[in-house]
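Handing you a structure now.
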Amino acid sequence: MSEPTAVPIAQLQDATIGYHSGAPVLHDVSLRIDAGEAVGIIGETGSGKTTLARTLLGLTRVLSGSVTVAGRDLARLRGRALREARRAGAVQYVFQDPYAALNPTLTVGYSLARPLMNFLHVGKREAIERAASLLETVGLTPAGRYIGRLPHELSGGQRQRVVIARALAAEPRLVIADEPIASLDVSIRAEILEVLQTLVRDHGVGMLYITHDLLSAKSLANRALVLKDGEVIESGSAEQVIENPRHEYTRQLRDAIPNPFENRSAA
């Protein structure tokens, strides 16, 4: 990984985050994401992972501290300025369930062309050409085989590749990948992780990778943070956090990983 850039793509500094009731969900969270870097956020359901993602999208209140994305402090933006920051396309989302993330009535080509027209204001013909290029980028080749298909004509892995391509269409600086392999067959999870690695390495985007799967975080992320009850309890390089955790909670998450050879040894 290259040295940290002067200005990070996203940074939280001592951020306390909550909802309209004012009750904090995340407490004093600090993290930094640079270009060409993936940061893994690890934790169980209810730990605050989704709230953190919503904060970077400008959808959750910053009660104190700062949250900066693409040079804008979201904690200081209100009203129209905040809405414009959301529409700028600097942050895009890869959803967990590829079966629900795509409109079943729209072709793959239209799903990719629409954000190109909305965010980059390109014409229809150019949008279709770029859509084909995006399909090639995520490994759906030749693009002509897929661009006219509807989602139900694709496998789960192919759909998730389309969802990733759609996220890239707006030329974001930060991609939030929220459990992107959780609903996929084990046989194709490695393929999707490889696509995400390529985007970070070759396209220079920053990535927030949300997961409860420590092995996938170790495979993809440069650094990792472990969340529990809204607090960062451990952080460091992904390898160090997962291979040599300091906190008991992290060790419990690691020890819960199934061992495919356990039953064979017992036999």
Side-chain angles (χ1 to χ4, degrees), residues 4-13 15 17-19 25-26 29-41 48-62 65-98 101-102 111-112 114-121 130 134 137-138 160-180 192 195-211 217 220-223 225 227:
T5 54
V7 179
I9 289 175
Q11 186 168 27
L12 282 74
Q13 292 184 311
I17 298 158
Y19 293 97
V25 177
L26 293 172
V29 174
S30 295
L31 70 83
R32 172 180 177 134
I33 305 174
D34 288 294
E37 177 184 47
V39 174
I41 302 296
K49 304 189 302 295
T50 299
T51 298
L52 178 57
R54 287 176 55 87
T55 302
L56 292 172
L57 290 165
L59 298 175
T60 305
R61 290 179 63 195
V62 182
S66 65
V67 177
T68 305
V69 178
R72 300 184 183 188
D73 187 351
L74 301 184
R76 298 179 180 274
L77 298 182
R78 297 288 185 274
R80 182 177 179 181
L82 182 57
R83 290 192 295 273
E84 288 178 352
R86 292 171 184 159
R87 287 196 296 262
V91 185
Q92 291 294 308
Y93 213 91
V94 175
F95 293 93
Q96 175 177 342
D97 184 1
L102 297 172
S111 293
L112 298 182
R114 195 73 235 174
L116 287 163
M117 292 186 284
N118 288 346
F119 289 110
L120 305 184
H121 309 294
R130 291 200 189 188
L134 286 167
T137 297
V138 297
Q160 193 63 299
R161 289 173 187 261
V162 173
V163 172
I164 294 169
R166 185 178 60 182
L168 286 179
E171 298 183 354
R173 300 189 63 194
L174 175 66
V175 171
I176 299 174
D178 188 356
E179 301 273 14
I192 298 303
V195 171
L196 295 174
Q197 285 175 326
T198 299
L199 300 183
V200 173
R201 182 182 65 244
D202 297 346
H203 294 263
V205 301
M207 182 171 292
L208 185 75
Y209 179 68
I210 298 173
T211 187
L220 175 64
N222 305 99
R223 292 184 292 112
L225 285 78
L227 280 178

Requested in this report: Indicate the atoms forming the closest heavy-atom contact of Ile33 with Met207, along with that distance.
Outcome: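 In this case the closest contact between Ile33 and Met207 is CG2-N, 3.8 Å.
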**Report entry** Set of residues satisfying side chain to side chain donor-acceptor pair (under 3.5 Å) with respect to Gln96, sequence neighbours excluded
**Finding:**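 Result, side chain to side chain donor-acceptor pair (under 3.5 Å) vs Gln96: none returned.
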Query raised in the report: Are any of the side-chain heavy atoms of Ile17 and Val25 separated by less than 4.5 Å?
Result: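 No. Closest side-chain heavy atoms not under 4.5 Å.
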Requested in this report: List the atom of Leu174, the atom of Ala10, and the distance in Å for their closest heavy-atom pair.
Outcome: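 Between these two residues, the closest heavy atoms are CD2-CB, 4.0 Å.
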Query raised in the report: Which atom pair, heavy atoms only, marks the closest approach of Ala167 to Val94?
Result: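 Looking at all heavy atoms of both residues, the closest pair is CB-CG2, 3.9 Å.
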**Report entry** Full working for side-chain contact (heavy atoms from CB on, under 4.5 Å) between Arg130 and Leu120
**Finding:** CA-CA 11 Å; Arg130 291 200 189 188; Leu120 305 184; 3.2 Å; yes
**Report entry** Note, Lys49 side chain near Thr211 side chain (heavy atom, < 4.5 Å)
**Finding:**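 Lys49 vs Thr211: side chains apart.
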Query - Pairs flagged by salt bridge (charged side-chain N to carboxylate O under 4.0 Å, His left out) wherever residues 160-170 is involved - sequence neighbours left out - result: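 For residues 160-170: Arg161-Glu191.
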Query raised in the report: Does the side chain of Ile210 reach to within under 4.5 Å of the side chain of Ile176, using non-hydrogen atoms?
Result: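 A side-chain contact under 4.5 Å exists here.
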Query raised in the report: Is there side-chain contact between Leu12 and Val62, with heavy atoms separated by less than 4.5 Å?
Result: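 A side-chain contact is absent here, since even the closest heavy-atom pair is not under 4.5 Å.
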Report task. Quick one: closest heavy-atom pair of Ala70 and Arg173, and the distance? Result ->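 Shortest heavy-atom separation between Ala70 and Arg173 comes out as CA-NH1, 3.7 Å.
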Check residues 51-59 and write down every donor-acceptor pair under 3.5 Å in which the side-chain atom is one partner and the other belongs to a residue at least two apart or another chain.
unit_1: Thr51; atom_1: OG1; unit_2: Tyr19; atom_2: OH; d: 2.9
unit_1: Arg54; atom_1: NE; unit_2: Thr60; atom_2: OG1; d: 3.3
unit_1: Arg54; atom_1: NH2; unit_2: Leu59; atom_2: O; d: 3.3
unit_1: Thr55; atom_1: OG1; unit_2: Thr51; atom_2: O; d: 2.8

Query raised in the report: Do Thr137 and His203 come close enough that some side-chain heavy atom pair is under 4.5 Å?
Result: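 With C-beta onward as the side chain, the pair touches.
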Report task. For Ala101 and Val163, work out which heavy atoms get closest and say how close. Result ->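 Here Ala101 and Val163 meet closest at CB-CG2, 3.9 Å.
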